[in-house]
Visitor: 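Structure in structure tokens, see below.
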Amino acid sequence: MNIFLRAKHWQIFLATFGLPFLFQIIMMVNIFSSLINNPNPHPEMVFEYFKFFPVIMLLFMGTLFGWLWSIAIGLQKFVPMAVKMKVKRFKIFFFIPIVYLFLILTFMGFIFGNVFNSNFFNNPPHGLQPDHLQLFLFMFMFIVPIHLFSMFCIFYCLYFVAKTFKTVELQKEVSFSDFIGEFFLFWFQPVGVWILQPKINKMIAEDTDTQKGLSDFQ
């Protein structure tokens, strides 16, 4: 957690947005370059690049969720004793979307690694088979509710992180109206990190100075 709490705003930005965006640009450039150089490209060649998409998502989501976890849990020691934070609920809601995203990325890796292969494109299925339709309906009925609940969990985590941040900053019990601005800054992280992370660095630096002063006094 200290790595995220002490990291500079530009470092968090690069890890969550800059590097994944750069990888996507490189991937798209390679795809278009292959299409231009080969007037009759095989579909398999295009889908080959999408195997790297789960890696990009892992880099983005891993850093983002690590940052949010570090703030929500790492700043708890600065929360006033009189303020009660529902940390246990946050931890439960935090890991639900992580498990969901892991399963989705694993499924995508399976699809790009096994379905979009030479056999699939050389022998494409003729029409939608009954088994395929049943599988699609099952996946739709299974994924949509979990996806919506995972979105709810993510918004709750943003709510909890923003509330923790503002509680530590003001050193008192806060309501949603007090930290609605921070909520949106955490939501739109590529912009919010430039404003929030310097304040977090300051909180950690002040605590370090306090601990050092107490140590020198003793």
Side-chain angles (χ1 to χ4, degrees), residues 1-26 54-81 83-98 100-102 105 150-215:
M1 289 188 294
N2 285 332
I3 295 176
F4 286 102
L5 295 176
R6 296 179 183 275
K8 301 300 181 182
H9 45 77
W10 60 268
Q11 294 172 328
I12 301 294
F13 176 82
L14 285 178
T16 54
F17 184 78
L19 291 179
F21 184 70
L22 178 62
F23 288 159
Q24 291 184 56
I25 292 178
I26 294 175
V55 178
I56 297 174
M57 287 298 298
L58 281 175
L59 177 61
F60 168 72
M61 300 305 298
T63 306
L64 177 60
F65 277 85
W67 184 57
L68 295 176
W69 173 271
S70 299
I71 297 170
I73 304 301
L75 296 184
Q76 286 300 315
K77 61 181 179 180
F78 304 125
V79 174
M81 295 293 295
V83 179
K84 302 299 181 182
M85 304 290 295
K86 298 178 181 179
V87 179
K88 185 176 181 180
R89 179 187 296 179
F90 164 78
K91 291 180 178 179
I92 295 174
F93 283 1
F94 180 85
F95 285 104
I96 290 176
I98 289 180
Y100 169 73
L101 288 170
F102 176 78
L105 291 176
S150 296
M151 290 179 61
F152 167 79
C153 292
I154 291 175
F155 278 111
Y156 178 83
C157 289
L158 294 174
Y159 167 88
F160 185 87
V161 172
K163 183 176 182 179
T164 301
F165 173 86
K166 200 63 177 181
T167 300
V168 173
E169 186 179 41
L170 299 181
Q171 286 295 297
K172 67 174 186 178
E173 182 77 40
V174 295
S175 60
F176 184 65
S177 60
D178 295 320
F179 59 90
I180 187 172
E182 285 75 12
F183 173 81
F184 283 102
L185 288 175
F186 279 111
W187 185 1
F188 299 99
Q189 185 266 351
V191 176
V193 68
W194 299 91
I195 302 172
L196 298 169
Q197 190 63 16
K199 296 182 179 181
I200 296 172
N201 294 153
K202 184 178 179 181
M203 294 176 185
I204 301 301
E206 290 176 351
D207 178 67
T208 301
D209 293 340
T210 301
Q211 295 295 333
K212 184 178 179 181
L214 291 175
S215 177

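Every heavy atom of this structure was used, including side-chain atoms; hydrogens, water molecules and symmetry mates were not.
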Visitor: Is the Phe179-Tyr159 ring centre distance short of 6.0 angstrom?
Guide: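 Between Tyr159 and Phe179, which both carry aromatic rings, the centre distance is below 6.0 Å.
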Visitor: Please determine whether side chain to side chain contact (heavy atoms under 4.5 Å, CB included) holds for the pair Lys163 and Met85, giving the CA-CA distance in whole Å, both sets of side-chain angles, and the decisive distance to 0.1 Å.
Guide: CA-CA 9 Å; Lys163 183 176 182 179; Met85 304 290 295; 4.1 Å; yes
Visitor: Using 30° and 60° as the class boundaries, would you call the ring planes of Phe186 and Phe165 parallel, tilted or perpendicular?
Guide: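 Plane angle over 60°, so perpendicular.
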Visitor: Do the ring centers of Phe13 and Trp67 come within less than 6.0 Å of each other?
Guide: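 Here the rings of Trp67 and Phe13 have centres that are no less than 6.0 Å from each other.
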Visitor: To the nearest 0.5 Å, tell me how far Glu173 CD sits from Lys84 NZ.
Guide: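 That separation rounds to 11.0 Å.
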Visitor: Thr16: what forms a side-chain hydrogen bond (donor to acceptor under 3.5 Å, both in side chains) with it, not counting sequence neighbours?
Guide: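 For Thr16, the residues satisfying side-chain hydrogen bond (donor to acceptor under 3.5 Å, both in side chains) (neighbours in sequence not counted) are Gln189.
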Visitor: Where is the tightest heavy-atom contact between Lys172 and Val83, given as atom of each residue plus distance?
Guide: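 Taking every non-hydrogen atom into account, C-CG2, 4.0 Å.
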Visitor: Measuring from atom CZ of Phe188 to atom CG of Leu158, what distance do you get when rounded to the nearest 0.5 angstrom?
Guide: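 With rounding to 0.5 Å, CZ (Phe188) is 10.0 Å from CG (Leu158).
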Visitor: Take Glu169 and Lys166 through the test side chain to side chain contact (heavy atoms under 4.5 Å, CB included) and record every step on the way to the result.
Guide: CA-CA 5 Å; Glu169 186 179 41; Lys166 200 63 177 181; 3.0 Å; yes
Visitor: Could you tell me the separation between the OG atom of Ser150 and the CG atom of Leu101, rounded to the nearest 0.5 Å?
Guide: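 If we round to the nearest 0.5 Å, Ser150:OG and Leu101:CG are 7.0 Å apart.
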Visitor: Quick one: sort the Trp69 and Phe94 rings into parallel, tilted or perpendicular, breaks at 30° and 60°.
Guide: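 Answer is tilted, since the angle falls between 30° and 60°.
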Visitor: Just how far is it from atom NZ of Lys86 to atom OH of Tyr156, taken to the nearest 0.5 Å?
Guide: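 It is 6.0 Å, given to the nearest 0.5 Å.
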Visitor: Using side-chain contact (heavy atoms from CB on, under 4.5 Å) as the criterion, list what pairs up with Phe152, not counting sequence neighbours.
Guide: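 Checked Phe152 against side-chain contact (heavy atoms from CB on, under 4.5 Å); matches are Phe93, Phe149.
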Visitor: Can you check side chain to side chain contact (heavy atoms under 4.5 Å, CB included) on Ile200 and Phe4, steps first, answer last?
Guide: CA-CA 10 Å; Ile200 296 172; Phe4 286 102; over 6 Å; no
Visitor: For a 4.5 angstrom cut-off between non-hydrogen side-chain atoms, does Pro97 reach Phe65?
Guide: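 Yes, at least one pair of side-chain atoms sits under 4.5 Å.
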Visitor: Distance from Ile204 atom CD1 to Phe78 atom CZ, nearest 0.5 Å?
Guide: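 That separation rounds to 4.0 Å.
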Visitor: Counting only heavy atoms not in Phe102 (residues, nucleotides, ligands), do more than 12 fall under 6.0 Å from its CZ?
Guide: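 Atom CZ in Phe102 is not crowded, with 12 or fewer foreign heavy atoms closer than 6.0 Å.
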Visitor: Is atom CD1 of Ile3 surrounded by more than 12 heavy atoms (other residues, nucleotides or ligands) closer than 6.0 Å?
Guide: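 Result for CD1/Ile3: open.
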Visitor: Among Val191, Asn201, Leu185, which residue satisfies the side-chain contact (heavy atoms from CB on, under 4.5 Å) criterion with Leu196?
Guide: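 Of all the options given, the one that passes is Leu185.
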Visitor: Which value, rounded to the nearest 0.5 Å, describes the distance between Thr164 atom OG1 and Leu68 atom CG?
Guide: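 One gets 10.5 Å once the value is rounded to the nearest 0.5 Å.
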Visitor: Heavy-atom count check: over 12 atoms from other residues, nucleotides or ligands less than 6.0 Å from Phe21 CZ?
Guide: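 Atom CZ in Phe21 is not crowded, with 12 or fewer foreign heavy atoms closer than 6.0 Å.
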Visitor: State, to 0.1 Å, how close Gly74 and Met1 come at their nearest heavy-atom pair, and which atoms those are.
Guide: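 For Gly74 and Met1, the tightest heavy-atom pair comes out as N-SD, 3.6 Å.
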Visitor: State, yes or no, whether a side-chain contact exists between Met151 and Ile154 at a heavy-atom distance under 4.5 Å.
Guide: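 Not in contact.
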Visitor: Any side-chain heavy-atom pair from Thr63 and Leu59 closer than 4.5 angstrom?
Guide: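 Side chain of Thr63 against side chain of Leu59, heavy atoms only: contact under 4.5 Å found.
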